[in-house]
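For ligands, and for the atoms within them, numbers begin at 1 and follow the listed sequence. Everything numeric here is computed off the predicted structure, so don't read it as measured data.
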Amino acid sequence: MGRAFVYVIIGGGVAAGYAALEFSRRGIAPGELCIISEETVAPYERPALSKGFLLPEAPARLPVFHTCVGANDERLTLNWYKEHGIELVLGTRVKSADVRRKTIITATGETISYKILIIATGARALKLEEFGVKGSDAVNVCYLRNFSDATRLVSVMQSCNGGNAVVIGGGYIGMECAAALVTNRIKVTMVFPEAHCMARLFTPKIADFYEGHYESKGVNFIKGTVLTSFESDSEGKVTAVILRDGTRVPTDMVVVGIGIRANTALFDGQLVIEKGGIKVNGRMQTSNSSVYAVGDVAAFPVKLFGGDIRRLEHVDSARKTAKHAVAAIMTSSKTADFDYLPFFYSRVFSLSWQFYGDNVGQVIHYGDFLSGKFGAYWFDKGLVMGAFLEGGNREEYEAIAKVVKFKTTVKDISELERLGLDFALRS
Ligand code: FAD
Ligand code: NAD
């Protein structure tokens with residue numbers, strides 16, 4: 001015998017926080033909703049961990065960035081959950097789930113039953129060991145996925161002031177952490193296998209701009225290679241990174257950002273899995289009608305891409321899929337299918353970019369790559385599919401979002417090139 005709730009959310013990250021707010025707005029009774037999270041703090045805006053949290057001066061600290069401040073909405077502190085009668089079980093991992101019996105079992109041995117389950121387990125950072133490299137557990141090797149990782153990263157950074165860091169991976173974590181390390185007066189070498197940074201999204205020309213900017217801040221890039229091992233001292237502290245060609249890069253610390261895997265394991269063999277995530281329909285409902293999935297773990301149909309199933313690893317998608325799932329749960333069949341415009345962004349140093357849509361098809365760059373106000377359109381079969389802009393203002397970002405949302409027709413490529421940002425502003 002254990003406790004029973006109407007709604008249970010597994011995971012206490014971004015999506016869980018936004019789902020909780022939506023449940024409370026739509027009206028649930030005290031004691032109906034339970035959120036179980038492995039983390040020891042209430043849901044927070046995870047993006048802060050690689051930005052404000054890592055600042056050397058006046059860093060952002062909880063409770064300042066609990067959800068849902070990232071969407072300029074209410075801040076859900078521990079007290080908020082208490083006041084709203086929401087059971088928030090922290091520091092507790094769910095170790096198994098049985099969707100047929102509608103029960104879950106926590107690491108403390110408690111069985112909890114539900115009528116409706118929302119899976120919001122997010123993702124975990126890939127470890128170097130998964131690529132055959134040992135040493136992730138060294139005291140000065142850092143990953144960054146959760147609050148405890150970020151707290152550890154801050155303390156390792158503080159002990160390396162004026163020293164050197166190697167950043168492994170040229171994706172989001174690599175780029176944002178490299179910038180944070182520089183701001184903390186640590187000299188950075190970035191190592192990644194691709195020919196340029198942010199290879200999943202940036203064109204070589206866009207990447208060139210950011211790499212140039214990082215180089216101007218003293219960052220050294222070693223591209224097209226991977227590390228094969230660490231060199232450590234007698235206390236197990238990494239002192240150098242050894243690359244595939246034998247190059248030895250001495251270092252005081254290492255930050256690893258080599259991608260993620262969605263946390264689907266609890267449901268392997270029970271729910272349909274696609275694109276590495278739990279497959280849902282336009283109502284965020286999984287192959288079991290009592291179970292919903294949201295955020296990084298959900299693979300959902302994107303109407304804009306003809307219903308293609310995508311798993312998006314970004315905060316806007318986590319917030320909106322969570323809200324949509326709750327709306328679908330609480331309004332039964334009346335909720336329309338999720339209609340989402342994929343949106344990614346990043347802020348590093350004084351730079352800031354946004355991207356909407358899909359980076360497929362032909363690319364046209366526009367703007368001034370020297371002054372730092374530039375962008376690109378991706379278009380396919382004469383329609384705009386994706387748009388990127390660095391250094392824009394609100395009106396400009398809204399304009400590029402709109403041309404993607406409405407798949408604006410490109411009649412003349414040279415005109416698109418000539419008009420640049422004006423193409424979006426005039427559409
Ligand atoms: P998460 O926020 O990861 O939450 C998952 C939660 O589930 C965690 O609390 C975890 O502990 C818990 N959990 C997992 N398994 C279990 C279990 N078995 N039992 C109990 N609890 C469990 N995106 C952007 O668009 N812009 C950004 O600038 C940006 N910056 C980021 C910076 C960092 C450092 C990181 C790590 C990510 C960033 N992202 C950013 C991505 C964004 O944060 C994620 O897309 C978002 O957090 C996904 O929300 P989620 O709720 O699905 O998963
Ligand atoms: P990523 O997918 O963005 O980048 C992974 C990088 O790992 C690749 O670019 C590649 O350079 C590198 N890599 C892969 N295999 C490697 C190997 N064997 N050795 C060395 N490098 C290797 O993933 P990430 O940077 O780890 O970010 C993790 C998650 O956090 C993502 O879901 C991302 O969306 C999210 N995040 C997003 C933001 C943002 O949206 N601004 C910021 C931070 C984190």
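Side chains of Gln354 and Tyr356: a donor-acceptor N/O pair is present below 3.5 angstrom, by distance only. No side-chain N or O of Ser317 forms a donor-acceptor pair with one of Thr321 less than 3.5 Å apart.
With respect to atom 28 (C) of ligand 2, the closest heavy atom belonging to the protein is Ile260 CG2, 3.5 Å. Looking only at heavy atoms of the protein, atom 7 (O) of ligand 2 is closest to Ile258 CA, 3.2 Å. The protein atom (non-hydrogen) at minimum distance from atom 20 (C) of ligand 2 is Ile168 CG2, 3.4 Å. Among protein heavy atoms, the minimum distance from atom 43 (O) of ligand 1 is reached at Arg46 CB, 3.3 Å. Scanning all protein heavy atoms for the shortest distance to atom 11 (O) of ligand 2 gives Glu194 OE1, 2.6 Å. Closest protein heavy atom to atom 17 (C) of ligand 2: Val226 CG1, 3.8 Å. The shortest contact between atom 20 (C) of ligand 1 and any protein heavy atom is with Glu38 N, 3.4 Å. Among all non-hydrogen protein atoms, the one lying nearest atom 38 (C) of ligand 1 is Pro47 CA, 4.3 Å. Atom 51 (O) of ligand 1 has its closest protein heavy atom at Ala15 N, 2.8 Å. Summary of contacts: the protein heavy atom closest to atom 8 (C) of ligand 1 is Glu39 OE2, 3.4 Å. Distance from atom 27 (O) of ligand 2 to its nearest protein heavy atom, with residue and atom name: Ile173 CG1, 3.3 Å. Nearest non-hydrogen protein atom to atom 2 (O) of ligand 2 is Arg200 NH2, 3.0 Å. The protein heavy-atom contact nearest to atom 19 (N) of ligand 1 is Val94 N, 2.8 Å. Among all protein heavy atoms, the one lying closest to atom 32 (O) of ligand 2 is Glu313 OE1, 2.6 Å. Residue, atom and distance of the protein heavy atom nearest to atom 23 (N) of ligand 1 are Val315 N, 3.2 Å. Closest to atom 47 (O) of ligand 1 among all protein heavy atoms lies Val14 CG2, 3.3 Å.
Here is the list of ligand 2 atoms found below 4.0 Å of a heavy atom in Phe192: 11 (O). Against a heavy-atom cut-off of under 4.0 Å, Gly257 is close to the following atoms of ligand 2: 5 (C), 6 (C), 7 (O), 25 (O), 26 (O). Those atoms of ligand 2 that come under 4.0 Å of a heavy atom in Tyr345, given as number and element, are 39 (C), 40 (O), 41 (N).
Of the options Ser346, Gly171, Gly259, the smallest heavy-atom separation from atom 23 (O) of ligand 2 is shown by Gly259. The residue from Gly11, Ala16, Gly257, Gly295 that puts a heavy atom closest to atom 7 (O) of ligand 1 is Gly11. For atom 27 (C) of ligand 1, the nearest non-hydrogen atom from the set Arg145, Lys51, His314, Arg124 comes from Lys51. Of the candidates Cys197, Ala199, Gly169, it is Gly169 that places a heavy atom closest to atom 12 (C) of ligand 2. Nearest-residue assignment for atom 3 (O) of ligand 2 (options Tyr143, Phe131, Phe355, Tyr172; heavy-atom criterion): Tyr172. Summarising the contacts of atom 44 (C) of ligand 1 with Val294, Ile173, Asp296, Asp149, the nearest heavy atom is found in Asp296.
The aromatic rings of Trp353 and Phe202 stand perpendicular to each other, their planes meeting at an angle above 60°, with 30° marking the opposite boundary. Ring geometry for Phe344 versus His314: interplanar angle under 30°, hence parallel rather than tilted (30 to 60°).
Applying ring-ring contact (aromatic ring centres under 6.0 Å, His included) to His324 and the options Tyr18, Tyr292, Phe300, Phe338 leaves one that passes, Phe338.
In this structure, Glu32 CD and Ile86 CD1 are separated by 10.5 Å, a value rounded to the nearest 0.5 Å.
Heavy-atom distances between Thr106 and ligand 1 stay at or above 4.0 Å for every pair. The closest approach between any non-hydrogen atom of Asn146 and ligand 1 is not below 4.0 Å.
At a heavy-atom cutoff of 4.0 Å, ligand 2 is contacted by the side chain of His314 but not by its backbone. The side chain of Glu176, and not its backbone, has at least one atom closer than 4.0 Å to an atom of ligand 2 (non-hydrogen atoms only; side chain from C-beta on).
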Inset, instruction - For the pair Phe23 and Tyr7, evaluate ring-ring contact (aromatic ring centres under 6.0 Å, His included) and give the outcome as yes or no after the intermediate values. - result: CA-CA 10 Å; Phe23 269 123; Tyr7 312 107; 4.6 Å; yes
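Of the possible donor and acceptor atoms, one in the side chain of Lys51 sits under 3.5 Å from a partner among the backbone N and O of Pro47.
For Asp316, no nitrogen or oxygen atom sits less than 3.5 Å from a nitrogen or oxygen atom of ligand 1, counting backbone and side chain alike.
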